[in-house]
Undergrad: 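To start, I am sharing the structure in question, which I have written as structure tokens.
Remember, predicted model here, so these are calculated numbers, not experimental data. Throughout, numbering of the chain's residues begins at 1 and tracks the sequence.
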Amino acid sequence: RKMNPALELLLFLGTLLYAYVEALVKLLLPARRKAVRGELVLVTGAARGLGRATAREFARLQSRLVLWDVEAHGLKETAEECRRLGATVHTFVVDCSKREEIYSAAEKVKKDIGDVSILVNNAGVITAADLLSTQDHQIEKMFEVNILAHIWTTRAFLPTMMNNNHGHIVTVASAAGHFVTPFMVAY
């Protein structure tokens with residue numbers, strides 16, 4: 001059953017208004033920022049884009065970094081930028097679509113570097129095509145990286161965070177799930 005267009009518009013405007021009011025309140029009454037100096041922060045999808053920007057920000061805040069990405073060259077560039085900002089950085093080439101690689105790299109991190117206290121699940125892939133043009137393997141890859149990888153990384157690091165009674169898990173998601181976006185139906 002299709003929703004009335006006027007009601008749909010009203011719902012959208014209400015949601016938009018709520019978001020602006022919430023943003024204004026947070027601007028006027030900002031929360032006290034948590035100190036992350038010295039925390040071991042793992043960022044997936046760190047080779048470029050939001051992952052790189054996130055890694056740089058944690059480097060500025062003097063966190064220790066573990067950076068994962070499937071793309072070695074971009075990962076190296078991100079690590080160099082973060083080191084110039086004074087951060088200790090460890091990199092791992094990890095294909096987050098592969099559960100075994102995630103679990104293997106997680107064990108190396110725990111054994112060789114220490115307990116991750118902030119996990120930023122940022123890795124993501126997108127195929128911009130209409131549903132019928134998107135190939136099956138592309139849809140599977142999106143689910144493996146954008147959904148399943150978040151579960152595997154969380155399962156790898158959450159038990160230690162719980163044992164230590166210390167840690168945070170950040171999940172980066174797209175606003176595209178809230179709106180109809182042409183050529184991104186599978187996404």
Side-chain angles (χ1 to χ4, degrees), residues 33-129 134-135 137-158 160-161 166-177 181 183-184 186-187:
R33 294 188 82 169
K34 179 177 177 65
V36 295
R37 179 187 193 126
E39 298 284 347
L40 186 58
V41 180
L42 189 148
V43 181
T44 67
R48 60 182 167 216
L50 191 56
R52 180 177 283 183
T54 300
R56 278 195 310 253
E57 187 60 27
F58 276 111
R60 279 188 201 95
L61 296 171
Q62 301 176 328
S63 298
R64 298 176 302 133
L65 298 174
V66 176
L67 307 178
W68 287 7
D69 204 291
V70 71
E71 204 265 292
H73 180 71
L75 188 60
K76 182 180 176 194
E77 289 177 350
T78 302
E80 288 169 0
E81 287 181 36
C82 293
R83 285 185 185 109
R84 281 194 297 273
L85 292 168
T88 301
V89 183
H90 304 273
T91 60
F92 292 79
V93 175
V94 179
D95 183 346
C96 285
S97 71
K98 297 185 175 9
R99 181 183 67 237
E100 300 79 21
E101 283 192 35
I102 290 171
Y103 285 157
S104 174
E107 285 305 313
K108 284 181 186 176
V109 168
K110 289 187 264 188
K111 181 177 177 274
D112 299 341
I113 302 165
D115 295 342
V116 169
S117 54
I118 301 174
L119 168 62
V120 181
N121 280 315
N122 169 73
V125 295
I126 183 171
T127 300
T134 306
Q135 297 177 15
H137 71 90
Q138 292 171 311
I139 294 170
E140 289 170 347
K141 182 70 117 183
M142 281 188 282
F143 273 86
E144 289 165 352
V145 176
N146 300 356
I147 297 171
L148 293 176
H150 292 227
I151 294 169
W152 309 144
T153 55
T154 299
R155 286 174 53 108
F157 296 106
L158 181 60
T160 303
M161 290 179 187
H166 180 77
H168 298 279
I169 298 173
V170 179
T171 298
V172 177
S174 172
T181 310
F183 302 106
M184 289 178 40
Y187 178 70

Undergrad: Might you point out which heavy atoms bring Ala79 and Val89 nearest each other, and give the distance in Å?
TA: CB-CG1, 3.7 Å
Undergrad: Hey, what's the ring geometry for Phe92 with Trp68, parallel, tilted or perpendicular (30° and 60° as the breaks)?
TA: perpendicular
Undergrad: Could you go through Glu80 and Arg83, starting from their C-alpha distance and side-chain angles, then the distance that decides it, and tell me whether this counts as salt bridge (Lys or Arg N to Asp or Glu O under 4.0 Å)?
TA: CA-CA 5 Å; Glu80 288 169 0; Arg83 285 185 185 109; over 6 Å; no
Undergrad: Looking at every heavy atom in both Ala123 and Asn146, which two are closest together, and how far apart are they?
TA: O-OD1, 4.2 Å
Undergrad: Are any side-chain N or O atoms of Ser97 and backbone N or O atoms of Glu144, one a donor and one an acceptor, separated by less than 3.5 Å?
TA: no
Undergrad: Under 3.5 Å, side chain of Asp69 to main-chain N/O of Ala46, donor-acceptor pair present?
TA: yes
Undergrad: When rounded to the nearest 0.5 angstrom, what distance separates CG in Leu42 from CG in Asn122?
TA: 11.0 Å
Undergrad: Can you check whether Val66 reaches Leu40 side chain to side chain, under 4.5 Å on heavy atoms?
TA: yes
Undergrad: Would you give the length of the straight line joining atom CD of Glu39 to atom NE2 of His166, rounded to the nearest 0.5 angstrom?
TA: 3.5 Å
Undergrad: Can you tell me how far OG1 of Thr153 sits from CD1 of Ile169, rounded to the nearest 0.5 angstrom?
TA: 7.5 Å
Undergrad: Determine yes or no for a side-chain-to-main-chain donor-acceptor pair under 3.5 angstrom, with Arg52 supplying the side chain and Gly74 the backbone.
TA: yes
Undergrad: Do you know which two heavy atoms are closest between Ala149 and Cys96, and how far apart they sit?
TA: CB-O, 3.1 Å
Undergrad: Check salt bridge (Lys or Arg N to Asp or Glu O under 4.0 Å) between Arg56 and all other residues, then give those that pass, not counting sequence neighbours.
TA: Glu81
Undergrad: Within a reach of under 6.0 Å around NZ of Lys108, are more than 12 heavy atoms found that belong to other residues, nucleotides or ligands?
TA: no
Undergrad: Above 12 or not: heavy atoms from other molecules or residues under 6.0 Å from NE2 of His73?
TA: no
Undergrad: Quick one: NE2 on His90 to CG on Leu67, what's the gap to the nearest 0.5 Å?
TA: 9.5 Å
Undergrad: Provide the closest heavy-atom pair for Ala87 versus Ser63 in the form atom of the first, atom of the second, distance.
TA: CB-O, 3.8 Å
Undergrad: What distance separates Thr54 OG1 from Ile118 CD1, expressed to the nearest 0.5 Å?
TA: 11.5 Å
Undergrad: Indicate yes or no: at least one non-hydrogen side-chain atom of Thr127 is less than 4.5 angstrom from one of Met142.
TA: yes
Undergrad: How far does NE2 of His150 sit from OG1 of Thr171, to the nearest 0.5 angstrom?
TA: 6.0 Å
Undergrad: Taking all non-hydrogen atoms of both residues, which atom of Val43 and which atom of Gly51 are closest, and how far apart?
TA: CG1-O, 3.8 Å
Undergrad: Grab the two heavy atoms, one from Thr160 and one from Lys110, that are nearest each other, plus how far apart they are.
TA: OG1-CD, 4.2 Å
Undergrad: Is there a side-chain contact between Val94 and Thr44 (heavy atoms, below 4.5 Å)?
TA: no
Undergrad: Is there a side-chain contact between Gln138 and Val125 (heavy atoms, below 4.5 Å)?
TA: no
